[in-house]
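Along the sequence shown, the residues carry numbers beginning at 1. Since the structure is predicted, the reported quantities are computational estimates derived from the model, not experimental observations.
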Amino acid sequence: MRLPCDILERYLSDSEISPADYWNTIIALVAKAKVYPVLHGSAMFNIGINELMDAITSFILPPESVSNRLSAYLYKIEHDPKGHKRSFLKIIDGSLRLRDVVRINDSEKSIKIKNLKTIYQGREINFDEVGANDIAIVEDMEDFRIGDYLGVKPCLIQGLSHQHPALKSSVRPDKPEERSKVISALNTLWIEDPSLSFSINSYSDELEISLYGLTQKEIIQTLLEERFSVKVHFDEIKTIYKERPVKKVNKIIQIEVPPNPYWATIGLTLEPLPLGTGLQIESDISYGYLNHSFQNAVFEGIRMSCQSGLHGWEVTDLKVTFTQAEYYSPVSTPADFRQLTPYVFRLALQQSGVDILEPMLCFELQIPQEASSKAITDLQKMMSEIEDISCNNEWCHIKGKVPLNTSKDYASEVSSYTKGLGVFMVKPCGYQITKGGYSDNIRMNEKDKLLFMFQKSMSSK
């Protein structure tokens, strides 16, 4: 804990620090997220509840309202037993009133508040107006999604971020005829928790769910069975890899040059970027020559193409520049540009080649001293990067990075060989070029005749 200089100087000089000065300093540090109070208790046995309530009122000071303009953040969605959607909003500033017409996410879309509740003394009650620092509950508002805001954008949204899942698995209902029921249930769960990502594979038609870990898989299985009365089983859990171009390349497909069936010329330049940068799209084409609708169609095609690279994984950490365009008026349409873009992108990616990126975990391993040799051997087998080892007479503490694919089950192994004494803690720390093997995902349709003709045309030049 880092205390302000005046408090430290008074402490070091043995000057008196009054309780008021001390606690005012602690409260200020908590407000700046520099210090975090830690309390112990048990809700089940009603232990520490009063202390928790005192801490909330002491350390978490309500922000002063800076304006009367509505600012509300939608942080939770749930469905009641009858299927009604219930949206929970934190009123950051201003107030939300019954029959108000408010805009969502500062867009043109607006909604009317037809019902309004708040929480008072542990009960939900109907209210005409909910003010700053309170919780508003709005029912049956289908347009709402978690993360939406009403009115002025809350400043807290700026710092919100979340890790993307690095594992995936196909899910199948025990009874094949319940597939549509599973899709409906997963969609409901996704509305309540947007981090639950699922999709239907366009090539295999399988239901695929992205996962953070094995525990989440078990939770999803339980929710599907208990809430939606449908039993499912998961296939093998696989690591989600990514792809990145190896080198800078440029590719052009010309209008009216066989086998191009589209009324468009598109040139794209692909170049790799540092790991973790993501996708960047730029255009060298003037909007005076090619208007927004045509260029947006190219951008859409690029984003769609990045969903599946040469090995079927997302293509990331690259810059794609739209470098050349030609069209014939009035026959050329945005659809021509949208449909041609994936072929240009694919050919450029094949010319560049790709690095396969694998998800990495930053780990901390604490084990008894006698188990340190086995632990280090295991970490080497898992192709980990050990950054620090510190040991005393009883314990060893090891830090480093390890590929997710090789360490998925290691926490249970540590518990086993240390008889429950060891702890293996991990957190995501980005992607890096894989050093070991990897698996392909479902690839782009290799039977695409037009792609084959483009490849043949390019190879003959």
Side-chain angles (χ1 to χ4, degrees), residues 1-12 14-68 70-78 86-96 116-125 127 129-138 146-147 149-150 152-163 192-193 195 212 215-216 219 362 364 366 397 423 425-428:
M1 178 176 67
R2 187 176 179 181
L3 294 173
C5 293
D6 59 331
I7 293 290
L8 285 175
E9 289 173 359
R10 289 160 63 186
Y11 174 77
L12 293 174
D14 290 330
S15 299
E16 182 181 358
I17 301 175
S18 68
D21 289 342
Y22 174 81
W23 283 111
N24 287 337
T25 301
I26 296 297
I27 291 171
L29 291 171
V30 170
K32 295 177 181 178
K34 301 293 185 183
V35 170
Y36 299 91
V38 177
L39 298 100
H40 301 274
S42 170
M44 181 180 296
F45 298 104
N46 198 29
I47 298 173
I49 305 302
N50 291 333
E51 290 80 357
L52 174 62
M53 298 298 292
D54 290 341
I56 290 174
T57 56
S58 299
F59 294 120
I60 305 179
L61 302 180
E64 294 183 4
S65 180
V66 296
S67 73
N68 289 321
L70 171 66
S71 178
Y73 178 72
L74 201 163
Y75 69 93
K76 174 184 174 181
I77 290 176
E78 67 178 21
R86 292 158 46 81
S87 303
F88 291 72
L89 299 112
K90 168 71 172 180
I91 310 299
I92 308 297
D93 203 1
S95 62
L96 185 64
L116 188 62
K117 293 182 178 180
T118 191
I119 300 173
Y120 180 73
Q121 294 185 348
R123 296 184 300 110
E124 293 182 11
I125 58 174
F127 239 61
E129 180 177 355
V130 180
N133 304 314
D134 278 336
I135 303 298
I137 304 171
V138 182
I146 288 179
Y149 63 91
L150 303 182
V152 179
K153 185 176 183 178
C155 59
L156 63 87
I157 290 183
Q158 314 291 346
L160 293 178
S161 63
H162 69 278
Q163 294 288 339
E192 296 178 357
D193 182 4
S195 67
Y212 290 99
T215 302
Q216 187 186 22
I219 292 172
C362 293
E364 292 188 32
Q366 183 171 311
H397 192 252
V423 179
M425 297 179 293
V426 297
K427 64 179 180 181

### Task
Kindly say whether Ile135 contributes a backbone atom to a donor-acceptor pair with the side chain of Thr118 at under 3.5 angstrom?
yes

#### Entry: Side-chain donor or acceptor of Lys90 paired with backbone N/O of Asp134 under 3.5 Å
no

### Query
In terms of heavy-atom contacts, does OH of Tyr75 have more than 12 from other residues, nucleotides or ligands at under 6.0 Å?
yes

## Note on the structure
Nearest heavy-atom approach of Leu39 to Glu51 is CD2-O, 3.6 Å

### Spatial distance of atom CZ (Phe127) from atom CD1 (Ile119) [nearest 0.5 Å]
12.0 Å

### Query
Can you find a pair of side-chain heavy atoms, one from Arg86 and one from Val138, that are under 4.5 Å apart?
no

### Reported OH-to-CG distance for the pair Tyr149 and Leu70, which is rounded to 0.5 angstrom
11.5 Å

### Task
Would you give the length of the straight line joining atom NZ of Lys76 to atom OG of Ser87, rounded to the nearest 0.5 angstrom?
11.0 Å

### Query
In Å, rounded to the nearest 0.5 Å, how long is the span from CD1 of Ile49 to OG of Ser42?
7.5 Å

### Task
Taking all non-hydrogen atoms of both residues into account, name the closest pair between Ser95 and Gly131 and its distance.
CB-CA, 3.9 Å

### Query
Could you give the distance from OG (Ser18) to CG (Asn24), rounded to the nearest 0.5 Å?
8.0 Å

#### Entry: Sub-4.5 Å side-chain heavy-atom contact between Asp93 and Val152
no

#### Entry: Distance, nearest 0.5 Å, that separates CD1 of Ile26 from OH of Tyr22
4.0 Å

### Closest non-hydrogen atom pair, Ile27 against Ser58
CD1-O, 3.6 Å

### Query
Any side-chain heavy atom of Tyr212 sitting closer than 4.5 Å to one from Ser195?
yes

